[in-house]
Amino acid sequence: MSEISQTVKITYESGLHARASTEFVRLAQRFEAEIKVSRSDGIGVDGKSIIAVMTLGAQLGDEIVIETVGSDAAEALEALIQLVRLDFHGV
Amino acid sequence: MEIRQGIPVSPGIVISEALILDFEELRIPQRFVAKDAIDDEVARFEQAVEDSNRSLKEEIERLSSEIEIHALILGVHRDLASDPMLHSEVEKGIRENCYTAEHALSRVMNRYVRKLQDLKSPILLERVHDLRDVEKLLLSTLLGKRIEGLSDLQGEVVVIAHNLTPAQTAKLDPEKVKGFATDMGGKTSHTAIMGRALGIPAVVGLDDISTAVVGGDRIIIDGYRGVVIIDPDEDQISDYLARGLEMEKLSLHFRSQAKLPAETIDGHLLEVHANIEIPSEVKAAVEFGASGIGLYRTEFIHLQSPTAGEEVHLENYRSVLESLGGLPLTVRTLDLGGDKLPEGGLEEENPFLGCRSIRWCLANPEPFRAQIRAILRAGALGPVRMMLPMITTIPELDRSLQIIDELSDEMRQSGVDFDENVPIGVMVEVPSLALIASHVADRVSFLSIGSNDLVQYTLAVDRGNEHVADLYDPMHPAILQLIAGLVRTGEEHGIRVSLCGEMASEPIYLPLLVGLGLREISVSPQLIPEVKQVIRHLLDYDVRILAERCLGMSDGDSITRELRLWAVENLPEVALRLI
């Protein structure tokens with residue numbers, strides 16, 4: 001199974017922090033697929049780990065890459081990209 | 001027997017056994033395990049995670065909607081406790097280094113905490129507390145020690161602690177916990193909020209009460225006067241039992257008349273508003289006869305969730321307005337400072353003279369703008385006023401008003417539903433502003449005297465500092481002059497002047513404040529019935545003469561003596577509290 005990935009810019013004013021990372025991880029955990037998140041300049045971290053996603057320190061304006069691999073990789077990727085684009089539903 | 005003086009933050013009297021919350025880091029007895037015990041050690045960790053998650057789940061389910069904020073926090077704790085990276089790293093520590101589960105966990109947690117701190121984001125610093133809470137929970141599960149049997153206490157207790165956190169109070173059984181006493185904290189601490197929300201006496205700022213008391217000691221907490229007695233003698237116990245009963249009878253009597261207007265004998269009507277921190281306090285405020293919310297402290301919204309945006313603020317305001325059923329709501333914009341921001345958020349030598357309150361807001365415009373938009377939008381839902389805290393200069397005020405104007409324009413253009421006529425006022429908390437009040441009054445719709453800070457900044461006294469706390473005197477003649485001047489300015493400019501602070505809830509000070517011409521005050525919800533009762537016993541003509549007399553005096557002690565004497569003679573019904 002091959003991995004797919006997409007880059008998305010954080011437009012949420014507080015960045016991928018506290019509440020936003022909770023939303024992100026809770027959504028990621030609903031999929032079977034393995035999910036990796038990275039900042040454009042760094043190595044990927046586990047997208048299902050709230051601690052990993054928090055400590056990524058992605059801020060407003062940063063670009064992050066989401067990579068998914070697994071049976072529901074496409075659905076997972078689309079849902080997570082949407083979440084970031086929708087500013088985590090304004091948590 | 002030992003008597004301690006602290007800061008009273010929630011009224012009432014209780015005599016009960018002490019329960020000490022252990023705040024020390026849990027001691028880890030053993031750091032390494034034998035190689036052949038590694039699998040067992042990993043299994044032990046997995047079991048601890050499972051157990052902790054189960055107890056978190058049970059607590060979340062048990063929490064009523066009244067403390068839903070806690071349920072949210074505990075939900076995050078669950079996410080953290082079941083984090084897959086945490087698991088794999090702890091397991092790695094056990095397998096590769098023969099660490100005990102406890103030691104591996106502590107090392108991993110310390111690493112995460114450092115990482116979060118390195119990111120230098122105030123938003124993430126709050127998460128450090130959550131990580132530490134989860135670490136403690138897992139450690140105590142591993143060590144076979146119940147973290148605190150707070151939810152299944154056998155008898156009634158008073159809780160003694162260094163400082164209570166939301167994660168801890170969420171565990172308390174409100175049926176069994178009858179009082180709080182803590183080393184740390186102020187009027188707006190979490191302990192104070194919870195004490196008032198649960199309606200139990202609380203005293204904070206007791207320095208080292210948590211080490212002075214041994215679990216099981218008998219304790220008296222006097223939440224009216226801020227006194228805590230450790231191991232009282234028989235006389236004190238019977239005195240306090242009698243006093244407690246009397247006070248209860250009295251407060252029931254006050255409560256039965258709480259809905260009557262706060263009108264002096266000669267027909268001067270006052271508005272008595274409530275100070276609140278969380279929306280769930282509004283119900284009590286209305287029940288106790290508040291004519292509105294005079295001070296909604298919104299820091300709690302920010303501290304609970306530093307990313308809280310416009311929508312979260314608006315939700316809170318909407319909920320308050322709904323419970324108020326048409327009564328006015330005054331929202332104070334974020335009043336954060338070095339002392340209130342999460343650990344390490346701002347490190348300042350002297351936070352009270354530092355980047356706090358409106359200064360912090362102007363330096364961090366995003367949360368400020370989000371809040372202003374939410375307040376203006378809330379204006380479309382009910383009668384809302386906006387209050388800017390700790391303004392010290394006119395340019396600061398002008399800058400804030402300009403931001404509000406800009407946001408109004410923006411919202412008008414984008415067609416958002418809001419009220420462009422939300423009255424804007426300032427809190428007068430610093431003498432510099434009180435002295436140029438007429439320039440302020442030209443620009444705003446109301447002034448609100450924040451007496452706690454005004455006293456502290458005028459007298460250069462930190463009332464939390466035991467060495468100088470006795471210099472903290474709201475009756476210092478300088479304070480009375482400032483208040484009198486502000487009331488005069490308000491009358492000249494035709495704008496309202498109110499006072500919110502503890503000063504207004506002291507029955508002996510009230511006649512003076514009314515005599516100085518104040519017509520609106522704001523106090524803790526529980527104190528409203530008594531405050532209104534006192535006002536109904538005043539004759540405006542009398543108290544004006546009393547105020548004139550006090551304004552002529554040169555020291556606070558003489559003024560307090562004068563007021564006490566006056567109250568004993570003229571207010572027999574409340575004189576009990578003065579003895």
Side-chain angles (χ1 to χ4, degrees), chain A residues 10-62 64 66-70 76 80 83-91, chain B residues 72-90 108-131 134-135 301-315 342 364-370 373-374:
Chain A
I10 304 220
T11 51
Y12 182 51
E13 59 184 34
S14 308
L16 188 48
H17 288 166
R19 289 289 272 270
S21 62
T22 306
E23 292 302 315
F24 188 94
V25 169
R26 284 181 182 171
L27 181 60
Q29 284 171 347
R30 283 158 55 181
F31 297 98
E32 287 295 328
E34 270 180 47
I35 294 160
K36 270 210 159 94
V37 192
S38 51
R39 282 166 70 170
S40 42
D41 52 349
I43 44 162
V45 299
D46 184 353
K48 296 183 183 184
S49 159
I50 184 171
I51 298 172
V53 174
M54 255 178 359
T55 49
L56 201 61
Q59 318 258 17
L60 170 68
D62 285 350
I64 57 167
I66 304 176
E67 268 178 53
T68 59
V69 58
L80 290 167
L83 181 71
V84 179
R85 285 206 178 125
L86 292 176
D87 291 345
F88 308 93
H89 307 306
V91 287
Chain B
L72 282 176
I73 295 171
L74 294 178
V76 172
H77 288 185
R78 265 186 86 188
D79 290 341
L80 291 171
S82 40
D83 191 291
M85 182 170 84
L86 172 71
H87 287 211
S88 64
E89 293 194 7
V90 170
V108 170
M109 284 297 199
N110 279 343
R111 200 160 65 229
Y112 295 153
V113 166
R114 271 200 304 276
K115 246 185 181 169
L116 283 179
Q117 283 169 341
D118 284 350
L119 287 171
K120 301 252 178 274
S121 149
I123 300 166
L124 284 176
L125 284 167
E126 186 65 9
R127 281 292 190 258
V128 169
H129 297 293
D130 293 326
L131 271 181
V134 169
E135 178 183 0
I301 302 173
H302 185 83
L303 293 177
Q304 287 296 340
S305 161
T307 56
E310 187 178 331
E311 298 302 327
V312 178
H313 277 278
L314 184 60
E315 257 332 291
N364 293 273
E366 276 324 306
F368 188 42
R369 291 165 63 96
R373 288 175 58 99

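Because the structure is a prediction, the values reported are computed rather than measured. All chains are named by letter (A, B, ...) in the order of the sequence lines, taking the proteins before the strands, and each is independently numbered beginning at 1.
Taking a 6.0 Å sphere around CD of A:E67, one finds it holds more than 12 heavy atoms contributed by other residues, nucleotides or ligands.
Between the side chains of B:Y112 and B:E89, at least one donor-acceptor pair of N or O atoms lies under 3.5 Å.
For the set A:T55, A:T22, A:I50, A:I51, the count of heavy-atom pairs under 4.5 angstrom toward chain B peaks at A:I51. Among the candidates B:L119, B:D118, B:V76, B:L131, the residue making the largest number of heavy-atom pairs closer than 4.5 Å to chain A is B:L119. Ranking B:K115, B:H87, B:R127 against chain A, the residue ahead of the rest is B:R127, based on heavy-atom pairs under 4.5 Å. For the options A:G15, A:S49, A:S21, heavy-atom pairs under 4.5 Å to chain B are most numerous at A:S49.
Taking CG from A:L83 and NE2 from A:H89, the interatomic distance works out to 5.0 Å, rounded to the nearest 0.5 Å.
Here A:R26 pairs with B:D79 in a salt bridge; the nearest charged N to carboxylate O distance falls below 4.0 Å.
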